[in-house]
Protein chains: 2
Amino acid sequence: MPDTRPLRADAARNRGLLLAAAADEFAEHGLDASVTDIARRAGVGKGTVFRHFPTKDDLIAAILIDRMEALSDLGERLCEAADAGEALREFLTAAAMQRQERDLSFLAEASASLNEVGRARDRMLAAVDALADRAREHGMLRDDVTGADVFLLMCAPNYVAGYVPDASPDLWRRYLQLILDGLRPEGARPLPATAPRLN
Amino acid sequence: MPDTRPLRADAARNRGLLLAAAADEFAEHGLDASVTDIARRAGVGKGTVFRHFPTKDDLIAAILIDRMEALSDLGERLCEAADAGEALREFLTAAAMQRQERDLSFLAEASASLNEVGRARDRMLAAVDALADRAREHGMLRDDVTGADVFLLMCAPNYVAGYVPDASPDLWRRYLQLILDGLRPEGARPLPATAPRLN
DNA sequence: CACTAACCGGACCGGCCGGTCAACTTGGTA
DNA sequence: TACCAAGTTGACCGGCCGGTCCGGTTAGTG
């Protein structure tokens, strides 16, 4: 970070408008919402988009990073919570609420190669790992489930609910609950295949 | 169906090649694999694709219908099986294996409007409903889960596993097992939101 | 107020993609 | 074998999309 002088007032405002507009547009039309539409929604010229984010992928990455950073903060805070099981549920709920859109993949194929995304993801993965470990120690999480499993399953409730045309906006909660029940040690049967490594 | 005279020999063969090539290409590159690539992979000119399938959506629909029909057959057969719980697992396993690619959505937004797709989906949904009912009666499925829930969750294991870069090809089995455990009555907590309607 | 570096906007470019079409080839039949 | 409808092909078209660029605007400073 050699030269980090502050943005001009209008530029900073536009950057914010763009991030918000892009998030909305991606939520509605998936990752292939057009840059032109995003610019229009933000009330800004298309050139401005590319001034702030050299590439569409960079724009996506910026949104991803924002969200993952926020989730990391929350996760680290929740590690202090008394009830480890409830902490995990709260974290997954927040994760699902943050992204009601389908398909804004956390691993973001293309942009996963950008280092910043990777770093943000690793931090979040660490937070999830810690939450999972604590929950497991308190007997709220089955022994054979890893943090990586939880990380991957984070996206599932929204994905599943996303395919119902006129779904209740709370439908994802239903599938989150189902998944949480599957993660508990009670009726656990042994899992096939080994847990994936994510870094 | 006014005029259904049989295809010429070469045309029939090409149609088969195309369906196979398209399935492969979609598996590798998602739904936006290009028609040109599909044609090349099938060893056929692009025009031939559009002779058989007036629209790319029709091609997708044809694949979808094939698969759903096959799953419906299997599902209806499995309704006779002795072990209702095992029948459900077998069905979901077959469903997951049939589509290792991510993102070939069963409800296929665009083409969902085509009547044939809707009909095939309804038939499959009926089969899943029957399987779920039997499993529930045998105490292998929690009371508050509907066939529609199971239908939607069918896609989840592949989706989740699809985000792991160099995953074992069996990774989806892991998440299928987790979901199945969540579907069992043992540790069930009440589900929020009402089950979705799909037709 | 005057000056300038930062910023903005939108016409423009090349490339790709779904879809068309007219010239050509070929499977089936009498 | 001779014929033609069915089938095939790839050049071509219009439209869209990510990304560029330069003339005009504006925020901040002294």
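Worth saying up front: this structure is predicted, and the values here are computed from it rather than measured. Heavy-atom basis, side chains included; hydrogens, waters and symmetry copies ignored.
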Original post:
Given atom NE2 of A/His52 and atom C1' of C/dA6, what is their separation to the nearest angstrom?
Top reply: 11 Å
Subject >> Least distance between heavy atoms, A/Gly182 atom then A/Arg142 atom >> reply: O-NH1, 3.1 Å
Original post:
Applying the 4.5 Å side-chain criterion to the ILVMFWY set and letting contacts propagate, would A/Val164 and B/Met154 be lumped into a single cluster?
Top reply: yes
**OP:** Would you classify B/Ala33 as touching base, sugar-phosphate or nothing, given that sugar-phosphate means primed atoms plus P, OP1 and OP2, and contacts are heavy atoms under 4.0 Å?
**Re:** sugar-phosphate
Subject >> Position toward the 5' end of DNA chain D (nearest nucleotide), A/Gly47 or A/Ser34 >> reply: A/Ser34
Subject >> Whole-Å distance separating the CD1 atom of A/Ile38 from the P atom of C/dC8 >> reply: 16 Å
Subject >> Rounded distance (Å) that lies between atom C1' of D/dT9 and atom CG of B/Asp10 >> reply: 13 Å
**OP:** Calculate the interatomic distance between B/Arg13 atom CZ and D/dT8 atom P; express it in whole Å.
**Re:** 8 Å
Subject >> Value in whole Å for how far the C1' atom of D/dC17 lies from CG of A/Asp57 >> reply: 14 Å
**OP:** Please confirm whether the backbone N or O of B/Gln177 pairs with a side-chain atom of A/Arg189, one donor and one acceptor, at under 3.5 Å?
**Re:** no
Subject >> Side-chain heavy-atom pair A/Asp133, A/Leu141 within 4.5 angstrom cut-off >> reply: no
Original post:
Want to settle it: does B/Arg8 or B/Pro54 sit nearer the 5' end of DNA chain C, counting the closest nucleotide to each?
Top reply: B/Pro54
**OP:** Would you tell me if any nitrogen or oxygen in the side chain of B/Asn14 comes within less than 4.0 Å of OP1 or OP2 on D/dT8?
**Re:** yes
Original post:
At under 4.0 Å between heavy atoms, what does A/Asp32 touch on the DNA or RNA strands: base, sugar-phosphate, or nothing?
Top reply: nothing
Original post:
Can you tell me how far C1' of D/dC17 sits from CG of A/Leu31, to the nearest Å?
Top reply: 15 Å
Original post:
Can you tell me how far C1' of D/dA6 sits from CZ of B/Phe50, to the nearest Å?
Top reply: 20 Å
**OP:** Indicate, with a heavy-atom threshold strictly under 4.0 Å, whether B/Thr48 touches base, sugar-phosphate, or nothing.
**Re:** base
Original post:
Under 3.5 Å, side chain of B/Thr146 to main-chain N/O of B/Ala148, donor-acceptor pair present?
Top reply: yes
Original post:
Across the strands shown, which category fits B/Ala39 at heavy-atom distances under 4.0 angstrom: base, sugar-phosphate, nothing?
Top reply: nothing
**OP:** Send over the distance from B/Arg40 CZ to C/dG18 P, rounded to a whole Å.
**Re:** 12 Å
**OP:** Could you tell me whether the phosphate oxygens of C/dC7, OP1 or OP2, come under 4.0 Å of any side-chain nitrogen or oxygen in A/Arg51?
**Re:** yes
**OP:** Kindly say if B/Thr55 contacts the phosphate of C/dG18, meaning a side-chain N or O under 4.0 Å from OP1 or OP2.
**Re:** no
Subject >> Base C/dG19 paired with B/Lys46 side chain (donor-acceptor, <3.5 Å) >> reply: yes
**OP:** Among the candidates D/dT8, C/dG18, D/dG19, find the nucleotide nearest to the side-chain atoms of A/Lys56.
**Re:** D/dG19
